[in-house]
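Keep in mind that what you see is a predicted model, and the values were worked out from it rather than measured. In what follows, chains carry the letters A, B, and so on, assigned in the order in which the sequence lines appear, proteins first and then strands, with residues in each chain numbered from 1.
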2 protein chains.
Amino acid sequence: MAGQRTIIRDLNRTRDKIFAAALTEFSAKGFAGARVDAIARRARVNKRMLYYCFGTKQDLYREVLRRKISQRADLIDSTPDKFADALLHLYKLGGTDRDFTRLMEWEAIDNGRGKLIAETERRELFEKAVARLRRAQRDGFLPKQIDLTQLFISMLALVIFPMVMPQIVRLISDMEPGDPRFVRRRAAFLRWIGDRISGDPAATSSTADKVNRRHTEFAAGVSHSKTRIHPAKKLAGLR
Amino acid sequence: MAGQRTIIRDLNRTRDKIFAAALTEFSAKGFAGARVDAIARRARVNKRMLYYCFGTKQDLYREVLRRKISQRADLIDSTPDKFADALLHLYKLGGTDRDFTRLMEWEAIDNGRGKLIAETERRELFEKAVARLRRAQRDGFLPKQIDLTQLFISMLALVIFPMVMPQIVRLISDMEPGDPRFVRRRAAFLRWIGDRISGDPAATSSTADKVNRRHTEFAAGVSHSKTRIHPAKKLAGLR
DNA sequence: GCTACTATTAACTATTAAGTTAATTAAAAC
DNA sequence: GTTTTAATTAACTTAATAGTTAATAGTAGC
């Protein structure tokens, strides 16, 4: 066997290697920019195997996207109920997943107007997320009468923007979005803004409702930072 | 002259037509995706003229980006001091400028790690913007001790995310980010969150400072919607 | 009106990319 | 051990792309 390499055939292994390489290449270059030659090289398989396993470059791309979206569906299901915790959770899991973020961004910028990959599933996930916000609002943990679709869009914006626009983050903060220092500061800020958004109720609420919600919020907020004490003092002043 | 088209030579006009077509094509397709053939066709000039006027596709791209960034530098300079107004202003001018947003996004996703186009200018602009936030914070219009670079990043996130990720906006809200209905709802939300973020002072402030800031905020807020009236009533209650 | 310059048109070139065809060979089936 | 199947390697094909070369013709200068 001197100098002769034995070829071991394992279609599943080949398929997995191509898939992993494709995730990396599509994330880096998008569909149009990724080269099947490069994917094959990265996977250390013959280019022909890509067509053998997945059919076309487009089919491979769909599969990569479908699986990544499906994998990341855990984000919504595992989101805590408390708003600031939810924001942090989304950031920690989704906001720092560079491949996922970039795939979403390539999808965004590729200008398709047709049906999205896993569109139905994603709609359902997002509806679930907005429904949870609605419950939190109804239970008094979020201000009344704010637009919850806009709130949810804004949550996603706050969470994934650093990875989506790294050059802007670099220009403003002199840090890479993946830098642990940046992540720490971002997390602290998201904690703050999460608490801030979910804090005081809307000013137009009736006093009785406000008192009740105050009490609920105070109880819920008892483990919070001392920024929560001030609203309680205001409540005492009103009574 | 029957049936014979007269060619009128005007190099400036040709250059301008190519530039305008290039802005559209680069915004739509990015650098790699845009085709010089398509740019020339859109501009209704012969492809050769693109090289005659701008040298290479890359040089044309730089020029388009440079000029667009320079044009949009007005955004920071014309931003109002009041936080919520600033947010709305950024949204109304920058957040709905699709070409600009997409050029920034293409830049983001194209993975360059070298020097950005107009990098120095942009850094200065962003430093100016953060300095304004610092002044607002010092003057009591923004909460103490929040991270202003994170705040500014978050402003940009809230403002341009809908155009950056239109498919997500579509999935969540069933509207296009350019739809006037969406724009209206977004603007209202940004008004709310802007007020929210810049609202109550940190709980650790002294009461005297609080009263003074309340008074200042009330004066600044006198032209606002009726959500501002209730804090005035609270102020009367305190006195 | 003639000449020189240059804006414009038309055609060509070398390279690259996705996909295809042909050949080889590992391994399963008999 | 032999045959068949299918996983793998190697080479080929067609179309598209940025850029280049050659030719034409509008217009400024004299």
Rounding to an integer number of Å, can you tell me how far R44(A) CZ sits from dT8(D) P?
16 Å

Specify the residue among I8(B) and K47(B) whose closest nucleotide of DNA chain C lies further upstream toward the 5′ end.
I8(B)

Could you tell me the separation between the CG atom of N46(B) and the C1' atom of dC12(C), rounded to a whole number of Å?
13 Å

Nearest-Å distance for atom pair CG/P, residues D37(B) and dA11(C):
14 Å

Write down the distance between CZ (R13(B)) and C1' (dT8(C)), rounded to a whole number of angstrom.
13 Å

Relative to each other, are the rings of Y61(B) and F26(B) parallel, tilted or perpendicular (30° and 60° limits)?
perpendicular

Polar pair under 3.5 Å, donor/acceptor by atom type, side chain R9(A), base dT25(C):
yes

Strictly below 4.0 Å, N to O, side chains only: are K57(A) and D59(A) in salt-bridge contact?
no

R35(A) CZ to dT15(C) C1': how many Å, rounded?
12 Å

Interatomic spacing from CG in L65(B) to CG in L60(B) - rounded to 0.5 Å
10.5 Å

Using a cut-off of 4.0 Å on non-hydrogen atoms, how would the nucleic acid contact of A34(B) be classed: base, sugar-phosphate, or nothing?
sugar-phosphate

Whole angstrom value for the distance that separates P of dA18(C) from NZ of K29(A):
11 Å

Carboxylate-amine/guanidinium contact R67(B) E63(B), below 4.0 Å:
yes

Can you check whether T14(B) has a side-chain N or O nearer than 4.0 Å to OP1 or OP2 of dT8(C)?
yes

Let me know the distance between OH of Y51(B) and C1' of dA22(D), rounded to the nearest Å.
17 Å

Could you work out which one of dA10(C), dG19(C), dT9(D) sits closest to the side chain of R48(B)?
dA10(C)

Could you tell me how far apart L60(A) (CG) and dA17(C) (C1') are, to the nearest whole angstrom?
16 Å

